[in-house]
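These values consider heavy atoms only, across backbone and side chains, with no hydrogens, waters or symmetry-generated copies.
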Amino acid sequence: MDNVILIGMPGVGKSTLGVLLAKALGYRFLDTDLVLQAQEGRLLREIIAAEGIDGFLALEGRVCGSLQADRSVIATGGSVVYSPEAMAHLRSMGTVIYLKLGYNALARRLGSLKKRGVILRPGQTLKTLYQERTPLYAQYAHLTVDCGGQDVEQSVALILQRLREMHP
């Protein structure tokens, strides 16, 4: 298993789980949002404000589509699934895991969407964003792990178990 790539909605715990998963596997941890911010020298919300949604998505797709990593757990931005090229590249690098969480639990976890750098088109709500993205996450995932009803440590243990089953 070369890399583990985490996809899912903002607030599902990709970065939090990713750090703990990387420690458990002895891998490096990489957050594509932080890579994008470092390359651009701006926060996500500043990039979205300056470049617009389509400009941001193009930048995110380019960063994720050219990412190079080995023995890493990679937490992606929630909107990476809008780039088929980036997702094909990520799938070729390792095991893509969709961290799934029900809408109500997700809505409780999320604070201000704008402060998080979450992309919402005019008139779009968290609910419609969730309905739009969840089929894309499922489509690109090698493995889906439901993170509802358990704490972070239990989710990490479940991911490790599922990875061992997939890669004996």
Spacing of SG belonging to Cys147 relative to CZ belonging to Arg109, to within rounding of 0.5 Å
7.0 Å
Gap separating the CD atom of Glu60 from the CD1 atom of Ile53, nearest 0.5 angstrom:
12.0 Å
To check you understand the geometry: which heavy-atom pair defines the closest contact between Ser155 and Leu17, and what is its length?
CB-CD2, 3.6 Å
Below 4.5 Å, heavy atoms only, C-beta onward: do Leu44 and Phe56 meet side chain to side chain?
yes
Is Tyr137 reaching over with its side chain to a backbone N or O of Gly8, donor-acceptor style, under 3.5 angstrom?
yes
Please identify each residue that fulfils side chain to side chain donor-acceptor pair (under 3.5 Å) with Arg121, with sequence neighbours left out.
Asp54
Sorted by chain and number, sequence neighbours left out, side chain to side chain donor-acceptor pair (under 3.5 Å) with Tyr82 holds for Glu132, Arg133
Using 0.5 Å steps for rounding, measure from the CE atom of Met93 to the OG atom of Ser72.
7.0 Å
Ignoring hydrogens, what is the shortest heavy-atom contact between Leu110 and Gly11? Give both atom names and the distance.
CD2-CA, 3.8 Å
Please list, chain by chain and in numerical order, all residues satisfying salt bridge (Lys or Arg N to Asp or Glu O under 4.0 Å) with Arg28, sequence neighbours excluded.
none
Would you say that Leu126 contacts Met9 through its side chain, given a criterion of any heavy-atom pair below 4.5 Å between the two side chains?
yes
Please tabulate, for side-chain N and O atoms in residues 96-107, each donor-acceptor pair with protein atoms closer than 3.5 Å (sequence neighbours left out).
none

Testing the basics here: between Gln139 and Arg91, what is the closest heavy-atom pair and its distance to 0.1 Å?
O-NH1, 4.4 Å
Looking at residues at least two apart in the chain, or sitting in another chain, which of them share a side chain to side chain contact (heavy atoms under 4.5 Å, CB included) with Thr76?
Ile5, Ile7, Lys14, Thr32, Ile74, Val80, Leu90
Note: Pro10 and Gly78 closest approach over all heavy atoms is CD-CA, 4.5 Å
Of all the heavy-atom pairs spanning Gly61 and Ala86, show the shortest one and how long it is.
O-CB, 3.6 Å
Measuring from Leu6:CG to Asp31:CG, what's the distance to the nearest 0.5 Å?
10.0 Å
Answer yes or no: is there a side-chain heavy-atom contact under 4.5 Å between Gln39 and Val63?
yes
Supply the atom-to-atom distance Asp2 CG to Tyr27 OH, rounded to the nearest 0.5 angstrom.
7.0 Å
Residue list, side chain to side chain contact (heavy atoms under 4.5 Å, CB included) with Leu43, at least two apart or on another chain:
Gln37, Arg45, Glu46
Donor on one side chain, acceptor on other, His89 and Ser66, under 3.5 Å
no
Residues two or more places apart in sequence or in another chain: which of them pass side chain to side chain contact (heavy atoms under 4.5 Å, CB included) with Glu165?
Gln161, Arg162
Atom of Asp146, atom of Leu158 and distance for their closest heavy-atom approach
O-CD2, 4.0 Å
Who pairs with Thr128 by side chain to side chain donor-acceptor pair (under 3.5 Å), at least two apart in sequence or on another chain?
Thr125
d(Asn3 CG, Leu30 CG) to nearest 0.5 Å is 9.0 Å
Gln154: which residues meet the side chain to side chain donor-acceptor pair (under 3.5 Å) condition with it, sequence neighbours left out?
none
I'd like to know if Leu59 and Leu34 are part of one continuous hydrophobic network [Ile/Leu/Val/Met/Phe/Trp/Tyr, side-chain heavy atoms within less than 4.5 Å].
no
Residues in salt bridge (Lys or Arg N to Asp or Glu O under 4.0 Å) contact with Glu40, at least two apart in sequence or another chain:
Arg42
